[in-house]
Amino acid sequence: MGKWEITRTITCDVLVVGGGGAAAKAALTAYQSGAQVRIAVKSPWLKGGSTATAFSELLAIAAAIGHGDERDEPEIHYQDTMDAGRGFIDPVLVRTLAEDAPKRINDLIDLGLNFDKQKNGKLVQGMSDFATYPRTCRVNGVTARHILNIIAKELKKNNVPIDEQMMVFQLVTDNEKRIVGAIAFDIDKNEFVFYQTSSVILACGGAHFLYTYGVGTPDMTGDGYAMAYQQGIPLVNMEFVQIGPGVINPPVTLLSGPVWKTHPILSNQKGERFLERYLPTGVNVKDVNNHKAFPFTVSNHSFYLDTSIQRESEDNPSPHGGVWCKMAPGSEAIVEEKMPKTKRVLKSKGIDVHSDKFEVGLVAQCMNGGTQITSPDGETDILGLFIAGETAGGLRGPDRPGGNSLAEGQVYGYRTGKAAAHYSMKHGKELSSQEWCIQDFQTIKQWIENSQNGTQDVLESIDELRRNMYRNCLVIRNEARLTAAWEYLLKTEQDLEQGKYSVRLDTIKSALELRNMIITAKSIVLAALLRRESRSCHYREDFPQKDDANWKKSIRIRQVDGIMSAEEYEWPAEQSRIGAKG
């Protein structure tokens, strides 16, 4: 076979795409449900994505188990989450999250995860934004990594196969819109692989690296969103991207709310303190810092910190495109009180927060939007396709309550794993996949062959796309910036489709990533253009007010006749105590 052929077929009941907490939980649950499972992860296992690298002073998993306050219960967790996103999230999905989260905490404990405990043996639970009672459970400051590692240990014990450095980029369906497989590129072996399977779980994280700086690792390029979109599945709430301040050199370290309670000093490349210049009468720096939490929001005075960082990063940037930060003289005690973990992490990266100044910029942390799922089992309009974790949409609106992200991964990882296993064992033998694989791959093959004489550099274009999104679709948005981003994305997409980029064996992965990045970036920009108001993490400089009368609803992005289209969308009405079996 030639180099542009599928050279290997792997058969399984359930293919899990991704390597984070949701993917690991989905794979383990599918295996425990009796399915033959395979994990395909684009990075080295346990080295990529959000879960493996996540850090903040407050990182934890939310579950209403009542150890922090016996009055807490799933109904209150549900109401708190709805209060943060009512009009933008699916009540059925939220109730499922709230009711199932305590069960998933017990799963982790049963696996041996040693949550931080009180002297009475109950779990330590902390307060988070939007919570009525202390609800977040933690493990030694790096909760996400501990969750992933304990599940990975169980996967290893049960010999669940994991294909590392494997980029799944194309879902394969038959003429009845049922999953029959997926096409991947083996990055280490430079070969195309066909996964013959009747169930796929997309749990491949977000799209942080559509921006110059992002939390996590560069493999987070929106692959799951793009693959789902290409199958006609709607993307929802894509304009709500969580962005906030972080150290950008050396590698990104998020600066969460407690850091700003130490009242650090920000200056531009000229050495000028700038925050004061952007504050209106009646607002002072102390007030801004005391309100500051991660991420950016227009809902309080911390708004001025993030927007001033962007403006100074554009007008008077530090060497890496940010601003300078230094701890105030005499702040040693409050630094140790408020940000001990951040201090230690930065120390490991060569920064002494008491004596060094360091570069701070705005970093993308989480996609609040995602692929719309249609049931508490993470189902979609494509039979056999399930979505979990950050790739899923409908659980996060303009705001995301602290601790819910890790909880979503465990709750919906479990549910999709169980549902996918049952679906495959019931329907798998009915499906034939070879003809559909050949048909889908011919399109990819033709595109690659048409690109053999291309002259534009894929890697350069990826960097330019990230710079363009950082400049035009960060925390300050307006018609002119967003239109510039949209026109750039359309032109880049056209050039890529027409073979103007050089796609060789050593750049195929990057070309496929660029294709996915364009789709995901377009969905963010189009939704941001349509939403002519400011709300939480979405700030339209030209429409600075929240507009509940017209915009307390979601925007869905979908492919219609090959064109990306946007539509307004209202979620089903809330009902009381919808059962969520788990």
So, for G322 and S313, which heavy atoms are closest and what is the spacing to 0.1 Å?
-> CA-OG, 3.5 Å

Test salt bridge (charged side-chain N to carboxylate O under 4.0 Å, His left out) applied to E408 and R396, K25, R415, the passing residue = R396

Are R515 and E497 close enough, and set up right, to give a salt bridge (Lys or Arg N to Asp or Glu O under 4.0 Å), and what steps lead you there?
-> CA-CA 9 Å; R515 186 184 66 165; E497 290 174 349; over 6 Å; no

Using a distance-only test with no angle check, is there a side-chain donor-acceptor pair under 3.5 angstrom linking T455 and K500?
-> no

Heavy-atom neighbours of K156 NZ exceed 12 at 6.0 Å | no

Taking the six-membered ring for Trp and the full ring for Phe, Tyr or His, determine whether the centres of F88 and F240 are under 6.0 Å apart.
-> yes

Taking atom types as modelled and ignoring hydrogens, do the side chains of T143 and R145 form a donor-acceptor contact shorter than 3.5 angstrom?
-> no

In sequence, state the C-alpha distance, the side-chain angles, and the governing distance for D163 and I39, and then conclude on side-chain contact (heavy atoms from CB on, under 4.5 Å).
-> CA-CA 6 Å; D163 299 327; I39 298 174; over 6 Å; no

Salt bridge or not for E464 and R471, using N-O below 4.0 Å?
-> yes

Salt-bridge present (E541, R311; N to O < 4.0 Å) = yes

Kindly indicate, with the supporting measurements, whether the criterion ring-ring contact (aromatic ring centres under 6.0 Å, His included) is fulfilled by F169 and F185.
-> CA-CA 8 Å; F169 64 87; F185 183 71; 7.7 Å; no

Where at least one partner belongs to residues 477-487, residue pairs that pass salt bridge (charged side-chain N to carboxylate O under 4.0 Å, His left out), sequence neighbours excluded = E314-R481, E479-R532, E479-R540

Side chains of T374 and E379, donor plus acceptor under 3.5 Å | no

Would you check if T307 and Y539 make a side-chain contact, meaning some heavy-atom pair closer than 4.5 Å?
-> yes

Assess whether ring-ring contact (aromatic ring centres under 6.0 Å, His included) is satisfied between Y488 and W486, documenting all intermediate values.
-> CA-CA 5 Å; Y488 165 79; W486 179 254; over 10 Å; no

Checking T416 side chain against Y412 main chain: does a donor-acceptor pair fall under 3.5 Å?
-> yes

What do the steps show when you test V193 against T7 for side-chain contact (heavy atoms from CB on, under 4.5 Å), and what is the final call?
-> CA-CA 6 Å; V193 175; T7 58; 5.6 Å; no

Between Q442 and Q446, is a side-chain contact (heavy atoms from CB on, under 4.5 Å) present by the stated rule, with each step listed?
-> CA-CA 6 Å; Q442 283 302 116; Q446 189 65 53; 5.8 Å; no

Are D377 and S375 linked by a side-chain donor-acceptor pair shorter than 3.5 Å?
-> no

Using side-chain contact (heavy atoms from CB on, under 4.5 Å) as the criterion, point out the one residue from D315, I243, V323, L474 that pairs with Q310.
-> L474

Which atoms form the tightest heavy-atom contact between E239 and A528, and what is the distance?
-> CB-N, 3.7 Å

Closest approach of Y229 and I557, non-hydrogen atoms and distance?
-> CE1-CG2, 4.4 Å

Distance only, no hydrogens: is a donor on one side chain within 3.5 Å (strictly under) of an acceptor on the other, for H320 and E359?
-> yes

So do the side chains of Q498 and W447 get within less than 4.5 Å of each other, counting heavy atoms only?
-> no

Any Lys/Arg nitrogen of D13 or R38 sitting under 4.0 Å from an Asp/Glu carboxylate oxygen of the other?
-> no

Would one find more than 12 heavy atoms of other residues, nucleotides or ligands at under 6.0 Å from atom CG of N453?
-> no

For the pair F296 and F303, name the ring-plane relationship: parallel under 30°, tilted 30 to 60°, perpendicular over 60°.
-> tilted

Under a 4.0 Å N-O cut-off, is there an ion pair linking K42 with E164?
-> no

May I ask you to check whether N268 and E312 show a side-chain donor-acceptor distance below 3.5 Å?
-> yes

Distance-only polar pair, side chains of H208 and Q242, donor-acceptor under 3.5 Å = no

Would you say K553 has more than 12 foreign heavy atoms packed within less than 6.0 Å of its NZ?
-> yes

Can a donor-acceptor pair be found between the side chains of N237 and N368 at a distance below 3.5 Å?
-> no

State whether a side-chain donor-acceptor pair under 3.5 Å links S424 with S198.
-> yes

Is it true that R556 and E568 make a salt bridge, defined as a side-chain N closer than 4.0 Å to a carboxylate O?
-> no

